[in-house]
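First comes the structure, then the notes that go with it.
Numbers restart at 1 for each chain; the letters A, B, ... are given by sequence-line order, proteins then strands.
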Amino acid sequence: MTDADDQLPQTLDEARAESTRLTDLIVGARDAYYGRDAEIVDDQTYDGWMRRLEALERTFPEVQGQDSPTLSVGAAQGSMFAPVEHAERMLSLDNVFSTDELAEWCAKTQSAAGRAVRWLLELKIDGLAISLRYEHGVLVSAATRGDGRVGEDVTVNAAQVTGIPSRLAGSGHPPLVEVRGEVYIPVAAFDELNALQARLRERVIAGGLARGGGDEEKLTRSAARRFPAFANPRNAASGGLRQQLDKKNGMELEAGKARLASLRLLVHGIGAWPSPPVASQSEVYGVLAEWGLPTSPSFRTSDDIDGVSAFVGYYGEHRHDVEHEIDGVVVKVDDLALHDELGATSRAPRWAIAYKYPPEQVNTTLLDIVVSVGRTGRVTPFAVMAPARVAGSVVRQATLHNQEVVVAKGVLIGDTVVLRKAGDVIPEVLGPVVELRDGTERAFVMPTHCPECGALLAPAKEGDIDVRCPNTRACPAQVRGRVEHIGSRGALDIEALGEVTAAALTQPSVPAEPPLRTEAGLFELTLDELVPIEVVVRDAETGEPKLDDETGEPVKRAPFRRNPTTAEKKEGLTGPQPSAQALTLLEELEKAKTKELWRFLVALSIRHVGPVAARALAQWFGSIAAIRAAVRDELAAVEGVGGIIADSLIEWFAVDWHREIVERWERAGARMEIPGHPGPGAAVAAGGVLEGLTVVATGTLEGYTREGAQEAIIAAGGKAASSVSKKTDFVAAGPGAGSKLAKAEDLGVRIIDAAQFKILVEQGPAALDALAPDAG
DNA sequence: CACCCTCGAGTTCA
DNA sequence: CTCGAGGGTG
């Protein structure tokens with residue numbers, strides 16, 4: 001007896017094995033119950049299996065197939081559509097998740113067949129399975145899969161779908177044939193559909209405001225409910241086929257029609273067809289095409305395993321070159337006679353298998369929405385999710401940007417949400433799976449007070465969406481964030497001053513005061529101060545302090561000290577010794593004192609002053625003192641600095657404890673000036689081979705680090721921009737270049753490689769042209 | 001008033 | 001790396 005609350009498997013493979021086992025049990029029991037009127041298990045056991053499977057799928061969303069019983073049961077209940085019994089059971093496919101498993105399956109099937117097998121290879125469309133019943137060439141019903149035996153009647157909508165003929169072409173059609181296929185929305189049409197939803201939302205809001213409907217937030221919420229952004233093409237297709245247009249009107253009708261119009265069909269098989277006139281599946285496709293049914297243009301056949309691997313490999317690389325989303329490849333035995341010989345299990349044929357690519361989108365549970373406080377005090381809500389493996393890594397969190405984005409995405413705490421990696425890197429919550437709600441979900445409410453220090457949160461100025469914690473000086477989150485920022489690469493680049501060290505230096509180290517209450521004392525740290533520091537170890541997932549198993553006391557760690565070695569003890573050293581980390585930190589702080597002026601400016605966390613503005617200011621004024629002494633107009637005269645940044649600087653220097661930071665850093669030996677700089681307004685050292693040119697570096701450029709490439713551009717007198725625009729003159733792209741390369745191609749910006757980049761920054765564009773006059 | 005650009009934030013991996 | 005927000009510039 002398996003209980004839902006038992007220990008869940010630790011690995012994905014175990015989870016997969018168990019979920020397959022449970023699915024077989026559940027489907028078997030359900031088939032027996034519905035199909036043969038036989039009850040093979042009691043209700044309690046059946047419920048137990050379902051709950052266990054649900055628990056598994058919550059923890060390992062990737063094991064949940066499109067045809068999981070947890071989905072079909074929920075969907076079938078409360079359906080407004082009439083049931084339709086399939087003439088031939090609509091089976092699903094068994095899955096494999098690696099090429100090894102696939103090769104194994106092929107070998108096994110080959111030997112079961114007892115003769116040479118021709119493989120039929122096709123793409124597995126991420127859509128909605130449908131069965132079309134034609135009698136004497138006339139469409140009589142269209143049904144979803146349902147539980148495989150009985151589906152939902154969606155004939156009325158299906159008749160409207162592009163590619164579903166009401167009458168088959170040609171003549172001599174069999175009295176009965178069931179055509180199986182996949183209804184989907186092309187990726188491009190999906191994007192348009194979401195754009196339409198967004199326009200309709202805006203229309204609702206604008207209309208409401210014009211009518212004096214007042215409360216914009218309420219209107220936004222209602223608009224998001226009426227015209228939600230669709231999480232993915234499959235959900236949009238599923239809903240599109242199952243909507244009840246006759247009950248809609250006005251804008252909802254418009255949206256519904258657009259949704260229906262975006263649906264497409266591709267057929268990939270037959271259900272009932274008593275005596276097909278051909279001997280292979282690929283020939284079946286020929287017949288279906290003659291009947292006017294849309295077949296996939298991308299299927300292939302292969303007589304050997306190498307062809308199978310090549311097909312899988314090719315589409316692994318070219319997933320996005322197809323007009324629809326694909327989640328894998330289907331490998332079938334082509335010979336129809338072998339289909340009969342090999343037969344089927346209770347839920348899947350033995351003559352076909354689905355190879356699944358690692359999912360780029362998965363479902364997971366939104367456990368909570370919590371907020372974080374950044375170094376500037378900005379409060380950002382982010383999603384806390386059940387761990388989910390997506391595009392090759394496990395994701396637990398994703399930013400939700402601000403309250404409005406939370407509302408616009410329409411997610412509620414407790415929802416099953418669709419998760420992906422934007423650009424294959426950044427986790428992003430796309431939206432909720434509304435169909436899986438059970439009523440226990442609740443809306444996110446933005447906190448009114450800072451979760452770290454309790455201060456009242458407020459927008460920085462009227463009309464801002466972002467709210468901020470005003471407790472700049474003492475809010476632990478802000479101090480920690482600023483100290484960490486000082487150590488970051490874009491600022492003073494202090495090795496050993498990262499997230500963990502910043503936290504250790506600023507959090508109250510039991511039982512004493514934190515060594516740093518603000519960043520002012522950073523350069524005054526001594527070994528004596530560092531060594532005693534103890535930090536409470538927190539659980540990576542929950543953020544709760546870890547407790548010792550025996551004593552129940554919080555576990556502490558002392559990152560800056562170690563026990564003396566035996567050799568040291570012999571020399572009479574008994575007490576704790578400073579750790580390597582402590583020594584590195586102090587060395588690096590010492591080195592940081594003579595870094596470039598602009599780095600200090602960035603390190604001060606002045607609003608709107610990032611590396612670019614800081615460089616311009618540093619170059620113009622030559623010292624922090626000169627910047628501090630400047631008036632608004634003098635600051636705004638600097639290129640790239642306007643009134644707002646000027647105000648921001650003046651406001652910053654007007655604060656006592658801000659000036660104290662600068663003073664104490666200087667007193668500790670920080671050199672906050674450019675040696676030999678002639679004073680404010682000095683002519684910018686012009687010239688250089690790249691003067692007037694804007695260059696963007698992206699990807700890995702051999703011989704340069706990311707910063708090194710930017711330094712090289714600036715050193716040569718060029719502008720190192722961070723994004724590609726039509727003003728960009730060159731894009732230096734190495735392996736791993738992403739969207740910037742694509743954008744450069746789009747805009748026709750000249751693209752160069754690492755070797756050409758080296759020539760460009762050392763000798764200028766002319767040398768590049770002399771070398772390769774036909775490039776670009 | 002368009003653009004284009006920078007800032008700031010969260011997140012993961014080599 | 002990507003996004004939203006908002007500043008700067010022509």
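- The CZ-P distance, from R607(A) to dT6(B), rounds to 18 Å in whole Å.
- The shortest distance between the side-chain N/O atoms of T376(A) and the OP1/OP2 oxygens of dA9(B) is below 4.0 Å.
- Ranking dT6(B), dA9(B), dG7(C) by closeness to the I644(A) side chain, first place goes to dG7(C).
- As rounded to whole Å, 12 Å separates atom P of dC1(C) from atom CZ of R489(A).
- Closest contact between the side chain of P427(A) and the listed nucleotides dG10(B), dG4(C), dT11(B) involves dT11(B).
- Shown here are the side-chain contact (heavy atoms from CB on, under 4.5 Å) partners of V479(A), two or more places apart in sequence or in another chain: R482(A), V483(A), T506(A).
- Here dC1(C) presents its P atom at 16 Å from CZ of R420(A), a figure rounded to the nearest Å.
- Both H485(A) and F382(A) lie close to DNA chain B; mapped to their nearest nucleotides by heavy-atom distance, the more 5′-ward contact belongs to H485(A).
- No side-chain heavy atom of R201(A) sits less than 4.5 Å from a side-chain heavy atom of V204(A).
- Remark: R375(A) is in phosphate contact with dA9(B), judged by side-chain N or O atoms under 4.0 Å from OP1 or OP2.
- Computed from coordinates, the L400(A) CG to dT11(B) P distance equals 9 Å when rounded to whole Å.
- Checking the phosphate oxygens (OP1, OP2) of dA5(C), a side-chain nitrogen or oxygen of N402(A) falls inside 4.0 Å.
- Not one side-chain nitrogen or oxygen of T399(A) sits closer than 4.0 Å to the OP1 or OP2 atom of dC3(C).
- Counting only heavy atoms from C-beta outward, the side chains of F621(A) and L635(A) approach each other to under 4.5 Å.
- Protein atom CZ of R378(A) is 7 Å distant from nucleotide atom C1' of dG4(C), rounded to whole Å.
- Using a 4.0 Å cut-off, some side-chain N or O of Q397(A) falls inside it from OP1 or OP2 of dT11(B).
- Here D647(A) pairs with R632(A) in a salt bridge; the nearest charged N to carboxylate O distance falls below 4.0 Å.
- Qualifying side-chain contact (heavy atoms from CB on, under 4.5 Å) partners for V379(A), counting only residues two or more places apart in sequence or in other chains: V371(A), V373(A), M446(A), L457(A), V467(A).
- The interatomic distance linking H608(A) (NE2) with dG4(C) (P) rounds to 18 Å, in whole Å.
- In this structure, of dC7(B), dG10(B), dG8(C), it is dG10(B) that holds the atom nearest to the side chain of T380(A).
- Between L649(A) atom CG and dG8(C) atom P the separation is 11 Å, expressed in whole Å.
- Between E484(A) atom CD and dA9(B) atom P there is a gap of 11 Å when expressed in whole angstrom units.
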